[in-house]
Amino acid sequence: MVRFKNRWLLIEFIPATSTPGHNHTRATTTRSPPDAISGKDVFNALKQSILLHFGDVGWGEVGASLAVKYFSPMTNLCIVRVARGTATSTTWAALTLLDRVGGGSSGSAEGHRVVPHVIHVSGTLKHAQTAAIEWNRRAIARAKAGMDVSCAVPQRGNNVAYFETSMLEIEELQD
């Protein structure tokens, strides 16, 4: 039996806003409601971005192996599985070109504006989990220090609880 070798991308979706009267977009730390984006929305937006920018050939290369393994609406962290080789490069490029998630395709006016940030690429789910947990630990430290937290935590009383819940969810993932 042949084992399929994958790459695991750890991605943070940073919500973005457009400044009125300007054509540029800037990332913000104010987040949309936790239920605004789902793993299915991320998959569909990524699929549309690949189809838009790379066509059927790009989707044929990536489609069979692409899967959103984990998405946390609390932290906007996402773990995506994709085949090794050019499929990884195509997926990363499509992520870079992605500007909206949820409610429509990459080029439409619907959905939530985001700036995808690939935090880590690994060969195993375990290493992607470790990177996500380490990222959460650093975010907890920033939250405890009262610094501006660059993740998708709604502005509520206890941000640390969101990160701890997210860490538990990440640890429960199975390959």
Side-chain angles (χ1 to χ4, degrees), residues 1-18 23-28 31-133 135-136 150-152 166 169-175:
M1 186 169 166
V2 177
R3 190 178 124 205
F4 293 104
K5 297 186 178 182
N6 299 308
R7 289 286 181 235
W8 299 85
L9 292 102
L10 176 63
I11 307 152
E12 175 189 17
F13 289 100
I14 305 167
T17 59
S18 294
N23 274 340
H24 68 281
T25 301
R26 63 184 182 89
T28 63
R31 304 298 184 190
S32 51
D35 58 350
I37 301 173
S38 69
K40 185 176 179 182
D41 291 333
V42 172
F43 178 84
N44 289 333
L46 189 52
K47 177 182 177 181
Q48 290 302 318
S49 180
I50 292 169
L51 285 169
L52 178 66
H53 300 293
F54 299 99
D56 290 336
V57 173
W59 179 245
E61 175 182 62
V62 172
S65 65
L66 184 67
V68 175
K69 187 68 174 177
Y70 168 79
F71 179 75
S72 171
M74 289 186 274
T75 60
N76 279 355
L77 269 185
C78 181
I79 297 177
V80 173
R81 182 193 72 205
V82 67
R84 281 195 329 186
T86 57
T88 303
S89 301
T90 302
T91 303
W92 196 333
L95 276 166
T96 303
L97 297 168
L98 186 68
D99 66 345
R100 295 185 187 277
V101 173
S105 66
S106 169
S108 74
E110 302 172 11
H112 303 279
R113 292 186 58 85
V114 295
V115 177
H117 174 226
V118 177
I119 298 170
H120 184 77
V121 179
S122 68
T124 64
L125 177 59
K126 182 67 176 173
H127 283 101
Q129 287 174 308
T130 304
I133 290 168
W135 183 90
N136 273 341
S150 65
C151 68
S166 176
E169 290 173 354
I170 292 168
E171 289 173 350
E172 293 174 358
L173 287 176
Q174 299 292 322
D175 188 12

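Counting from 1, the numbers follow the sequence of the chain as shown.
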Task: For A87, all residues meeting side chain to side chain contact (heavy atoms under 4.5 Å, CB included), sequence neighbours excluded - done: E61, V62, V82, A83
Open item on the list: Any side-chain to backbone donor/acceptor pair from N136 onto I133? Under 3.5 Å, distance only.
Closed with: no
- [ ] To the nearest 0.5 angstrom, please state how far the NE2 atom of H53 sits from the CH2 atom of W59.
- [x] 14.0 Å
Open item on the list: Please report the interatomic distance CD1(I11) to CG(L98), rounded to the nearest 0.5 Å.
Closed with: 9.0 Å
Task: Closest contact, heavy atoms only, A45 versus R100 - done: CB-O, 3.6 Å
TODO: Output the distance between atom CZ (R81) and atom NZ (K69), rounded to the nearest 0.5 Å.
DONE: 7.0 Å
TODO: Would you indicate whether the side-chain heavy atoms of I37 and F13 approach each other to under 4.5 Å?
DONE: no
Open item on the list: Counting C-beta onward and ignoring hydrogens, is there a side-chain heavy-atom pair between V80 and F43 closer than 4.5 Å?
Closed with: no
Open item on the list: Are the side chains of N76 and F71 in contact, using a 4.5 Å heavy-atom criterion?
Closed with: yes
Open item on the list: Under the rule for side chain to side chain contact (heavy atoms under 4.5 Å, CB included), what residues qualify as partners of A94, not counting sequence neighbours?
Closed with: L46, S49, I50, F54
- [ ] Answer yes or no: is there a side-chain heavy-atom contact under 4.5 Å between W135 and E12?
- [x] yes
- [ ] Find out whether D56 and L51 are in side-chain contact, i.e. whether some heavy atom of one side chain is under 4.5 Å from a heavy atom of the other.
- [x] yes
- [ ] Say whether, by atom type as modelled, one donor and one acceptor occur between the side chain of R113 and the main chain of D99 under 3.5 angstrom.
- [x] no
Task: CG on L9 to OG1 on T91, rounded to 0.5 Å - done: 7.0 Å
TODO: Identify the residue among L77, V118, V121 that makes a side chain to side chain contact (heavy atoms under 4.5 Å, CB included) with L10.
DONE: L77
Task: Distance (rounded to the nearest 0.5 Å) between I79 CD1 and W8 CH2 - done: 8.0 Å
- [ ] With sequence neighbours left out, write down each residue that passes side chain to side chain contact (heavy atoms under 4.5 Å, CB included) with T124, or none if nothing qualifies.
- [x] K126, H127
Open item on the list: With rounding to the nearest 0.5 angstrom, report the OG to CZ distance, S65 to R7.
Closed with: 12.0 Å
Task: L97/L52 under side chain to side chain contact (heavy atoms under 4.5 Å, CB included): CA gap, chis, key distance, verdict - done: CA-CA 10 Å; L97 297 168; L52 178 66; over 6 Å; no
